[in-house]
Amino acid sequence: AAAKLAATIAKSCTKPPFTLADVLESGGLGFAALSGECAALGVPALDSLANVTTCLEHRHTCRIQQMLETEMPRIEELLDLAP
């Protein structure tokens, strides 16, 4: 899924006249506003489309884990029971 996401972003966000600035600026997609969160997720700078993609992957993984913990608070215990 991560490879498919990266390929889709690379294909869609590199077509002229679309640029990295369009992805980052508030007049575009506004990902620069996530730079602090991305740094906390291990992506120190949003200086390339690859880093934006990595940040998105990490954000989605984090959100999914949070959602599972909220919906199924004892999921870790349940998974530990499986052989």
Kindly compute the distance separating [atom1] ([X]) from [atom2] ([Y]), expressed to the nearest 0.5 Å.
X     : Y     : atom1 : atom2 : result
Leu49 : Phe18 : CG    : CZ    : 8.5 Å
Glu69 : Ile64 : CD    : CD1   : 12.0 Å
His58 : Thr53 : NE2   : OG1   : 10.5 Å
Met67 : Cys62 : CE    : SG    : 12.0 Å
Leu56 : Cys38 : CG    : SG    : 7.0 Å

Show me the donor-acceptor pairs within less than 3.5 Å that the side chains of residues 74-83 make with the rest of the protein, sequence neighbours left out.
unit_1: Arg74; atom_1: NE; unit_2: Glu77; atom_2: OE1; d: 3.0
unit_1: Arg74; atom_1: NH2; unit_2: Glu77; atom_2: OE1; d: 2.6

### Closest non-hydrogen atom pair between Leu46 and Ala32, with its separation
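Nearest pair, atom of Leu46 first, then Ala32: CD1-CA, 4.5 Å.
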### Query
What are the two closest non-hydrogen atoms of Glu57 and Ala6, and how far apart are they?
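Shortest heavy-atom contact: OE2-CB, 4.4 Å.
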### Query
Listed by chain and number, what are the side chain to side chain donor-acceptor pair (under 3.5 Å) partners of Glu37, not counting sequence neighbours?
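In terms of side chain to side chain donor-acceptor pair (under 3.5 Å), with neighbours along the sequence ignored, Glu37 is linked to Arg59, Arg63.
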### Task
Tell me whether Leu41 is reachable from Val52 by hopping between hydrophobic residues (I, L, V, M, F, W, Y) whose side-chain heavy atoms are closer than 4.5 Å.
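Not linked; separate clusters.
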